[in-house]
Structure formats: structure tokens, C-alpha cells
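Let me begin by presenting the structure, written as C-alpha cells, before commenting on it.
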Amino acid sequence: MPSSMSRGELPSEEQAIDTIHAALESGITLIDTADIYAPSWDQMGHNERLVAKALKAYGGRPDDVVIATKGGITRSPDGEGRNGSPEYLRSAVQKSLDALQVDVIDLYYWHRPDRHCLYSDVIETFAELQREGLIKEVGISNANVEEIRVAIDVLGDGGLAAVQNEFSPKFHHTSKPEMDYCGERGIAFLPWSPLGGTGGNAKKVGESYPAIAEVAEAHGVSPQQVTLAWELSLGGHVIPIPGASRPESIRDSALAMELELSADDLSSITDAIL
């Protein structure tokens, strides 16, 4: 299960680095970031640079740790935009390589579709970047089933490594079909905001969903841990990516990988939510 640093209230750099180290020490092997994860529009790459600094302070990246990042969203004083042009994406990849201090990006996502571009054309740009050795694996984010099909058509069977969509007890009606579609085709599905996102939703997941709270109380663990364990049970291809800004929260999230819920536990949550 990966760790992604949230874009909510920013922790200090020291706390952020401690959180990344806690994730690694807890057995997490995927760190998810993006070029737009930054305090302001003119600090693109901030979180990527932080990840690089944390790994260096850790003594280097462990051999089994994968770093994923994303590109395709622009930021300016006027807000966010989209750019799926080959020129922009090539520039974004190079900036991410520099920020992460790596020679190749393990997993690179198209962050959000640019509706001014033909979807297949943008995926072909990603395929070219892969052929050139700049990225190892291709992923797409915020994609519907039709877009996943297009990506598979362009990349070929086995060419699309991962789909990262929003999915949680709060948000699932328009993402469960994508989860199932990926499972049928051996594509990793990574729910973002798996606990319900910012604004206090993640903290209140137990209050909002009594079925989760009951299972958590029975096992003596947090509702957040139960939620992640339930999502992991939805398929071997499902890899939740909880955001974390404190070492304590990522350690608790990581324990979901070891939490054993009974069939009755899981069905009670599924019946209440899906």
C-alpha cells in the first residue's frame, strides 16, 4: 500500500520527511506524488523534491520501493488547467526526473484528461516516453471505462500498468465500474482519497459509516484502518493510497495490510456501502 502526501494543511518539512520515513519503516513500497502537489502555483515539483530529499536522508531508496508521479495538470495565478500536448508532457517528465533525482520514473500517470486533445494521441505520447526509457510504466488517472479501453488499445495488452481514480465509502458510484474493469484485465486500481478526502471526512469515516465503526470496535483498531482493509479485500489489484501528513497516521494505515477481517465483517461493510 502506498503513501501519498496530502495537499491539505502543510506539515513542516521535518514532519513531512519523518512521515515518509515512517511509511518506509512500516513496509510501504509505493510512494505516490505529482508535479502539482505544491503550496502554490509557482512551486510545481515541491512534493517531488521533498520525496527525493526524504529518500536521500533515509540512506537512499530501498530496492523494492516504487515512486509514482503524475503530469498533465498546469498551475498558474489564474488556477489549474490541462495540457496534454507532447511538448508539455515531455517538459513535465523532464522536470519530474530532475525533481525526483532519478534517471527514469517508475510509474508515470496522465493526471487528468485534456479535452482539447484526442485521448489516444496523448496515450501515444506516453508510449513514446516509455520507449525512450524515460518512464518504466504508464498509468492514467481520473479515467472512465471508455478511456481505459482506449489506453489499452494504444498500449497493447499489459501495457497499462495502473488506473488511479477516486474511490472511498463516500465516493464509489462512478468508480466501482472502473475498479471492476481493471480487475478483469489485470490492471492495478489505486483509489485516491480512499478514506473520503480532506475536510475532515477521513477523520469522520467511523461516524459516517456505523458498519465500519462496529467492525473497528470489535477488532480494537481505528475505523480508518478497517476502511483500508475493506478496500484491499475488493481485489488483489486494489491498492489504496491514503494521504498522510503525520507519522502516526501512516503507521496506522500501514497496519491495514495485516488486519484480518472475517467474511462477515467484510460483507457487513460492503452491504452498507456498495
Side-chain angles (χ1 to χ4, degrees), residues 2-23 30-58 61 67-102 105-117 122 126 129 134-135 139-142 164-166 168 171 190-203 241-250 253:
S3 166
S4 62
M5 302 301 293
S6 70
R7 293 177 62 194
E9 183 177 347
L10 292 176
S12 67
E13 181 175 287
E14 180 182 6
Q15 181 176 320
I17 289 175
D18 286 346
T19 301
I20 294 172
H21 288 178
L30 172 60
I31 298 177
D32 180 84
T33 184
D35 59 0
I36 67 161
Y37 294 171
S40 60
W41 69 270
D42 56 350
Q43 296 185 61
M44 290 273 283
H46 172 272
N47 194 255
E48 293 172 320
R49 291 188 289 273
L50 183 62
V51 167
K53 188 170 185 177
L55 290 172
K56 184 176 181 180
Y58 195 71
R61 176 172 55 155
I67 301 176
T69 191
K70 316 174 197 71
I73 298 180
T74 63
R75 294 183 71 184
S76 73
D78 299 324
E80 291 186 356
R82 310 282 184 269
N83 194 332
S85 69
E87 297 77 15
Y88 177 80
L89 290 172
R90 284 185 175 278
S91 173
V93 165
Q94 189 56 59
K95 289 176 181 177
S96 290
L97 287 166
D98 293 341
L100 291 168
Q101 299 179 26
V102 295
I105 296 171
D106 296 327
L107 173 58
Y108 193 72
Y109 290 94
W110 185 12
H111 205 158
R112 283 190 183 273
D114 178 355
R115 299 306 179 189
H116 295 93
C117 299
V122 181
F126 277 72
L129 293 167
L134 297 177
I135 61 179
I140 54 178
S141 185
N142 303 295
Q164 185 177 139
N165 282 7
E166 183 175 6
S168 68
F171 187 99
L190 290 83
W192 60 265
S193 290
L195 299 174
T198 57
N201 291 313
K203 293 180 180 179
I241 48 174
S245 60
R246 298 180 300 114
E248 297 82 5
S249 58
I250 198 58
S253 292

**Prompt:** For Ser91, which residues count as a side chain to side chain donor-acceptor pair (under 3.5 Å) partner, sequence neighbours excluded?
**Reply:** none
**Prompt:** Which atom names give the shortest non-hydrogen contact between Ala34 and Asn47, and what distance separates them?
**Reply:** O-CB, 4.5 Å
**Request:** Output all residues satisfying side chain to side chain contact (heavy atoms under 4.5 Å, CB included) with Ala68, sequence neighbours left out; order by chain, then residue number.
**Result:** Leu30, Asp32, Leu107, Tyr109
**Request:** Determine whether Leu97 and Ile105 make a side-chain contact, defined as any pair of heavy atoms from C-beta on separated by less than 4.5 Å.
**Result:** yes
**Request:** Tell me, please, which residues at least two apart from Arg61 pass side chain to side chain donor-acceptor pair (under 3.5 Å).
**Result:** Asp106
**Request:** List for me each residue that meets side chain to side chain contact (heavy atoms under 4.5 Å, CB included) alongside Ala52, sequence neighbours excluded, and say none if there are none.
**Result:** Gln101
**Message:** Can you list everything that forms a side chain to side chain donor-acceptor pair (under 3.5 Å) with Gln43? Sequence neighbours excluded, please.
**Reply:** Ser40
**Message:** Please enumerate all residues that pass side chain to side chain contact (heavy atoms under 4.5 Å, CB included) together with Arg82, with sequence neighbours excluded.
**Reply:** Ile73, Glu80, Arg112, Asp114
**Message:** Suppose we screen for side chain to side chain contact (heavy atoms under 4.5 Å, CB included). Which residues come up paired with Leu89, at least two apart in sequence or across chains?
**Reply:** Val122, Thr125, Phe126
**Request:** State which residues pass ring-ring contact (aromatic ring centres under 6.0 Å, His included) with Tyr58; sequence neighbours excluded, sorted by chain then number.
**Result:** His21
**Request:** Would you tell me whether Ser96 and Asp35 have side-chain atoms, one donor and one acceptor, within less than 3.5 Å of each other?
**Result:** no
**Request:** Find out whether Ile17 and Leu50 are in side-chain contact, i.e. whether some heavy atom of one side chain is under 4.5 Å from a heavy atom of the other.
**Result:** yes
**Request:** Mind checking side chain to side chain donor-acceptor pair (under 3.5 Å) for Lys53 and listing every partner two or more places apart, or none if nothing turns up?
**Result:** Glu13
**Request:** Please identify each residue that fulfils salt bridge (Lys or Arg N to Asp or Glu O under 4.0 Å) with Glu14, with sequence neighbours left out.
**Result:** none
**Request:** Would you please test Tyr108 and Leu134 for side chain to side chain contact (heavy atoms under 4.5 Å, CB included) and show each step?
**Result:** CA-CA 9 Å; Tyr108 193 72; Leu134 297 177; over 6 Å; no
